[in-house]
Amino acid sequence: IDNDLVEELKDDDEIDNMLLDIQNIYDSLFEDNAITFEFKGFSNEKEKKEFLKKIKNTVALIKEKLGDKYLIEDKVEI
């Protein structure tokens, strides 16, 4: 899996692992097989909040490491 990280973060295992974890959680929100593709969602509100917190923490770490060099848009709607 390629997260298409900016050059400054290409070798940053911490951020890469955080993004892979977020992607795996996101992928698990869908049923995707030969017959069905549909959004299942979170099993409870706590899981949803934990997911959004992971995104927030990852964005904060990226901003900490890169400063204001890039504009990061946080447009997560679940």
Worksheet item: Just how far is it from atom CG of L19 to atom CG of L9, taken to the nearest 0.5 Å?
Response: 9.0 Å
Discussion item. Looking at every heavy atom in both I72 and K63, which two are closest together, and how far apart are they?
Written reply: CD1-CG, 3.7 Å
Worksheet item: Could you give the distance from CD1 (I62) to OH (Y70), rounded to the nearest 0.5 Å?
Response: 11.5 Å
Practice prompt. State the CG-CD1 distance between N17 and I22, to the nearest 0.5 angstrom.
Written response: 11.0 Å
Fill in: Nearest atoms (heavy-atom pairs only) where F42 meets I25
CE2-CG2, 4.3 Å
Worksheet item: Can you name the nearest heavy-atom pair linking E14 to K65, along with the distance?
Response: OE1-NZ, 3.6 Å
Worksheet item: Once you round to the nearest 0.5 Å, how far does CD of E45 lie from CD of E50?
Response: 11.0 Å
Discussion item. Take a 6.0 Å sphere around CG of N33 and say whether it holds more than 12 heavy atoms from other residues, nucleotides or ligands.
Written reply: yes
Response to the item:
So CG of L52 and CG of N57: to nearest 0.5 Å the spacing works out to 11.0 Å
Worksheet entry | side-chain contact (heavy atoms from CB on, under 4.5 Å) between L5 and D12, worked out | CA-CA 9 Å; L5 291 172; D12 191 311; 5.6 Å; no
Worksheet item: Hey, is OH on Y26 packed in by over 12 heavy atoms from elsewhere, all under 6.0 Å?
Response: no
Discussion item. Listing request: all salt bridge (charged side-chain N to carboxylate O under 4.0 Å, His left out) pairs with a residue in residues 53-62, at least two apart in sequence or in separate chains.
Written reply: D21-K54
Worksheet, complete the sentence: side-chain contact (heavy atoms from CB on, under 4.5 Å) filter on N44, not counting sequence neighbours, yields K46, E47
